[in-house]
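Read the structure below first, then the notes.
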2 protein chains.
Amino acid sequence: MILDSETKAVELPEDHGDELRLWLRLLTCTTLIEGEVRGRLRERFDVTLPRFDPMAQLDTVPDGMTLSDVSKRMMVSNGNVTGLVERLVESGHLDRRTSDTDRRVQVIRLTKAGRAEFRRMAAEHQLWISDIFSDLSPKDVRELMRLLAKTKGSARKAAQKRALQA
Amino acid sequence: MILDSETKAVELPEDHGDELRLWLRLLTCTTLIEGEVRGRLRERFDVTLPRFDPMAQLDTVPDGMTLSDVSKRMMVSNGNVTGLVERLVESGHLDRRTSDTDRRVQVIRLTKAGRAEFRRMAAEHQLWISDIFSDLSPKDVRELMRLLAKTKGSARKAAQKRALQA
DNA sequence: TTACATTTCTTTAGGCTTCAAGCAATTGGC
DNA sequence: GCCAATTGCTTGAAGCCTAAAGAAATGTAA
C-alpha cells in the first residue's frame, strides 16, 4: 500500500500486461487447435468444423432440441444456426419439424444416417484431441481444467456486469 | 500394466474423455472472452475485432511488416489479410507500399492517425482483459501461463507430425 | 378482449474466412 | 545465361458469422 503526503491511500497505475499476455496465449492455443481440427475434418471427412459442431450438440440428446438451444450451446447467433441447420437438413444429416405445442419453435435432431456419420467422425476426433494434448500429464489436465473453470466464471461475471450497464 | 495369457503387454482402450472436456472448456473460455471483446470494441469504438488485430501486430514495430508476417502472426490465411488490409488502407489506418528490394512484397504500417487511434483502443482493451481475468490470482495467472505454454508446444508438435505425413 | 411485451426464428446487409488456383517476382541449380 | 522451384500476394467461389430489423406466435395484464 502506498500512502501520499496526506496519508491517504493512492491508486498506483497497475500493470495489466500479464493478463493481456495470458489472453493472447489462450487465443493462440485455441486458434492452433481449432485449425488443426478443422484441417483434419476436411482431409479425413470432407466436412467443415461449423457443420460438425451442431451435430455434436444434437448427439448429446435423443429427441432433438430447438434452434435456440443449439445457438445458446454453441454460443453463436441465431441467424447463423438457421443457415447451418438449413444446409445440414439439405444434406440429410438433420431432421427438422415445427413444435406441436408452440408453432414458433423448430425442433431439430440427427437423422439415423446423420448420427451414424457423426459417431464415426467423433471417434476419430477424440483421438486427435487426445494426441494434441498428449504432452500434458493427467495432473496438468486436471489443473488446467480447474484454472479454466475459474477463468470461465470470471469472464461470465465481467460479461454480466457489462450487460447490466447497457 | 496389463498382461495377457501369453504374458505380452496389451493395450487397453484408453479413455480420452478428459482431454476432450479440456478442449471444450478451452474453447468456451476463448469464445466467451472473444465475444466480450468484440462487443466492447463495437460499442465503444465502432470497430470490429478483425480490424483491431492487424493493427495490434503492426503497433509492435516502428517500420511496418510484410503481409506474410501479419498473416503468420495472426494465424490466418493470406487471402484474408489481403482483404483486411485493403479496408484498413481505405479507412486511412494503414499505409502500404511495395518493397524496394522485392517487388512481390507489400510492406504495410500504421499511419500516424492509425497508430494514435489504435493506442487509444488498446489502452481500454487492456483494462477490459484485466477485468475479465480479475478473479484469477497472480499465482493462477502464472500457472495458467505455464500450462498453456505446454499446451501450445504439444499442439504444435501434433500439427507438425500431421504436416509431415501429408 | 385489447394492447403491449416477449420469445423464436428468419431475413438482410455487410463483412470475415478458408481453400484452391493463379500471377508475378525471385532464387537456386545447372 | 536459363529453367524449375519457390515465394508473396491476389482472386474467386463458397461458406461462415454478426448485428439489426422484422414476422409470427405466445404470454401478460388491464
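The structure displayed is predicted, hence computed values, not measured ones. Chain letters run A, B, ... following the sequence lines, proteins first and then strands; every chain starts at 1.
If you measure from atom CZ of B/Arg103 to atom P of D/dT10, you get 15 Å, rounded to the nearest angstrom. Taking atom CG on B/Asp69 and atom C1' on D/dG8, their separation rounds to 11 Å, with Å as the unit. Rounded to whole angstrom, the span from the CZ atom of B/Phe52 across to the P atom of C/dC16 amounts to 15 Å. Rounded to whole angstrom, the span from the CD atom of B/Glu90 across to the P atom of C/dG15 amounts to 10 Å. Atom C1' of nucleotide D/dC9 and atom CZ of B/Arg97 are separated by 16 Å, given to the nearest angstrom. When rounded to the nearest whole Å, the span between CG of B/Leu88 and P of C/dC16 equals 8 Å. Note: CD (A/Gln106) to P (D/dA25) measures 12 Å, nearest angstrom. As rounded to whole Å, 19 Å separates atom P of C/dT17 from atom CG of A/Leu41.
Comparing C/dC9, C/dT26, D/dC9 by their nearest atom to the side chain of A/Thr66 picks out C/dC9.
Ion pairing of B/Arg142 with A/Asp18 is absent here, as no side-chain N (NZ or NE/NH1/NH2) approaches a carboxylate O to less than 4.0 Å. Between A/Asp63 and A/Arg109, no side-chain nitrogen of the basic residue sits less than 4.0 Å from a carboxylate oxygen of the acidic one, so the salt-bridge criterion is not met. A salt bridge links A/Glu143 to A/Arg146: one of the charged nitrogens lies within less than 4.0 Å of a carboxylate oxygen. Contact check on B/Glu124 versus B/Arg40 returns no salt bridge, with no Lys/Arg side-chain nitrogen under 4.0 Å from an Asp/Glu carboxylate oxygen.
One N or O on the side chain of A/Ser154 and one on the backbone of B/Ile132 form a donor-acceptor pair closer than 3.5 Å.
Interface remark: the A/Arg104 side chain does not form any donor-acceptor pair with the D/dT26 base, using a distance-only criterion of under 3.5 Å.
Every residue two or more places apart in sequence or in another chain was checked for a salt bridge (Lys or Arg N to Asp or Glu O under 4.0 Å) with A/Arg156, and none qualifies.
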Reading nucleotides 15-21 of chain D 5' to 3', which nucleotides get B (base under 4.0 Å from a protein heavy atom), which S (sugar-phosphate only), which -?
-SSBSS-
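With respect to A/His125, the ring pair (Phe, Tyr, Trp, His ring centres under 6.0 Å) criterion is satisfied by exactly one of A/Phe45, A/Phe118, A/Phe52: A/Phe52.
Nucleic acid contact class of A/Thr82 (heavy atoms, under 4.0 Å, all strands): base.
Along DNA chain C, the nucleotide nearest to A/Leu67 and the one nearest to B/Thr101 differ in position, and the one closer to the 5' end is contacted by A/Leu67.
The side chain of B/Ser68 contributes an N or O atom lying less than 4.0 Å from OP1 or OP2 of D/dC9.
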